[in-house]
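All remarks here apply to the structure that follows.
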Amino acid sequence: MASMTICARFRPLSSKERRDHGDAVCIQHVDSETFSFKDEKDEEFTFSFDKVFYEKSEQAEVYEFLASPIVRDAVDAINGTIVTYGQTGAGKTYSMEGPSILVCDEQKRGLLPRVVEGLFDCIKSSGRTMKHSIKLSMVEIYMERVRDLFDLAKDNIQIKESKSQGILLNGVTEISVSSPAEALQSLSNGIANRAVGETQMNVSSSRSHCIYIFTVQQEVKKDERSKAGKLILVDLAGSEKVEKTGAEGKVLEEAKTINKSLSALGNVINALTCGSSGKANHIPFRDSKLTRILQDSLGGNSRTALLCCCSPSPSNALESLSTLRFGMRAKHIKMSPRLKGNEDKSAKKNGPPSPTKDESCERIL
Ligand code: ADP
Ligand code: MG
């Protein structure tokens, strides 16, 4: 049994933060897993995660640690999820997409293009005896409605559950892709569609959750059932509090809906970790579209990684603290992928945190 992989990432100070506060930062590097954090009252906390990516960390490091084990498993038909969490401007989309999906410096490419290449590379090296195919879907959740980003006419996709396949998005467009270039082009079209939809609805992308779904189908020998691994990447809506943005009207409604789905995510996480057995009887997956779509991922049949994106500036200390606390809560989830034979491997890779690490954050949990 493995735990969720939880990482923190601090982006470099923005020019505005530098202008307003100089070079001050609220974090102090201890090592690659631990840092100390000063809140707005100058109180200091120590945090430990599976890995901390500091301001100078490269996109490739994030991919290697957080995503590449999940990509390898998806090709072996184990579901995987990678989630970016944090306030608007904290670096979620930069981590997920990089500056651009199609054209950008190799060094700056985000998780998505690297995941695409990783999937095709793993398939190539998995041998000719097994045939794989990859299908891609892209949806956005805005105000609790699921929109198909490959077909904007499908603006209210329903979520269904099947015994054999788990959670399904009814009627969602699935594009078969046979090369990394094809997959990247489709992703780029989906991202452009997202922007079109947002302009039409007068919505900012930071107010919706964007979900990328790769289904990696494995065709096995004759008479055997084919297996599929679902790899879901989620660029969450900004987690900032309403009070800070002084929202009114529609913006306030958006903020409430986002808070509701992020709290639902938090509640699911709590329910998965509470009680003496470590699990509550009822897990409230149905409380939001987000948790419903992530049900398989958080519920056990999956490997999950959470990237908690933060600003290093003291001016954002309150929001960063809230993001880091969310990450610490998620750290207690225990996952049990359904495919046998991989449990030992995962236990080594993502083994449960040592008690001392958890104790270091008790004060704020
Ligand atoms: P979010 O999606 O969380 O709202 P973005 O990913 O759009 O935030 O990041 C906000 C700004 O910070 C963007 O201009 C982005 O290019 C920059 N940025 C974020 N993370 C990094 C990073 N690790 N290195 C360099 N620039 C970054
Ligand atoms: Mg974003």
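Counting starts at 1 for both ligands and their atoms, following the listed order. If you're wondering where the values come from, they're calculated on a predicted model, not measured in any experiment.
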- Message: Suppose we measure from atom 20 (N) of ligand 1 to each protein heavy atom; which comes out shortest, and what is that distance?
- Response: Arg11 CB, 3.4 Å

- What protein heavy atom is closest to atom 24 (N) of ligand 1, reported as residue, atom name and distance in Å? Pro12 CD, 3.3 Å

- Between Tyr85 and Phe326, ring centroids under 6.0 Å: yes

- Flag: protein heavy atom within less than 4.0 Å of atom 10 (C) of ligand 1: yes

- Could you list the atoms of ligand 1 found under 4.0 angstrom from a heavy atom of Arg9? 23 (N)

- Message: Checking the N or O distance criterion of under 3.5 Å, is ligand 1 in contact with Ala90?
- Response: yes

- Message: Need the ligand 1 atom indices (1-based, order shown) with element for anything under 4.0 Å from a heavy-atom of Thr88.
- Response: 4 (O)

- Please write down residue, atom name and distance for the protein heavy atom closest to atom 7 (O) of ligand 1. Thr93 CB, 4.2 Å

- Query: Between Thr323 and Ser320, is any side-chain donor less than 3.5 angstrom from a side-chain acceptor?
  - Reply: no

- atom 17 (C) of ligand 1 protein-contacted, heavy-atom criterion under 4.0 angstrom: no

- Item | Residues Ser205 and Arg194: side-chain donor-acceptor under 3.5 angstrom | no

- Query: Should Glu17 and Arg11 count as an ion pair when the cut-off is N to O under 4.0 Å?
  - Reply: yes

- Message: Test your reading of the model: is there a side-chain donor-acceptor pair from Asp39 to the backbone of Asp42, 3.5 Å cut-off?
- Response: yes

- Message: Tell me whether the rings of Phe35 and Phe49 are parallel (<30°), tilted (30 to 60°) or perpendicular (>60°).
- Response: parallel

- Message: Ignoring hydrogens and geometry beyond distance, is a side-chain donor-acceptor pair present between Ser48 and Glu33 at under 3.5 Å?
- Response: no

- Task: Evaluate the criterion salt bridge (Lys or Arg N to Asp or Glu O under 4.0 Å) for residue pair Glu117 and Arg109; output intermediate values, then yes/no.
- Result: CA-CA 11 Å; Glu117 250 157 42; Arg109 300 175 83 213; 3.3 Å; yes

- Of all the non-hydrogen atoms in the protein, which one sits nearest to atom 8 (O) of ligand 1, and at what distance? Gly91 N, 3.1 Å

- Report the part of Gln87 (side chain from C-beta onward, or backbone N, CA, C, O) that has a heavy atom under 4.0 Å from ligand 1; answer both or neither where that applies. backbone

- Task: Measure the distance from atom 1 (P) of ligand 1 to every protein heavy atom, then report the residue, atom name and distance (to 0.1 Å) of the closest one.
- Result: Gly89 N, 3.4 Å

- Message: Can you tell me which portion of Ser206 lies within the under-4.0 Å heavy-atom range of ligand 1? Options are side chain, backbone, both, or neither.
- Response: neither

- Is the Mg ion (ligand 2) less than 2.8 Å from an N/O/S atom of Thr93, whether that atom is in the backbone or a side chain? yes

- Message: salt bridge (Lys or Arg N to Asp or Glu O under 4.0 Å), that's the test. Do Arg114 and Glu97 meet it? Break it down for me.
- Response: CA-CA 9 Å; Arg114 291 173 198 271; Glu97 297 174 9; over 6 Å; no

- Polar proximity ligand 1 side, Tyr94 side, N/O cut 3.5 Å exclusive: yes

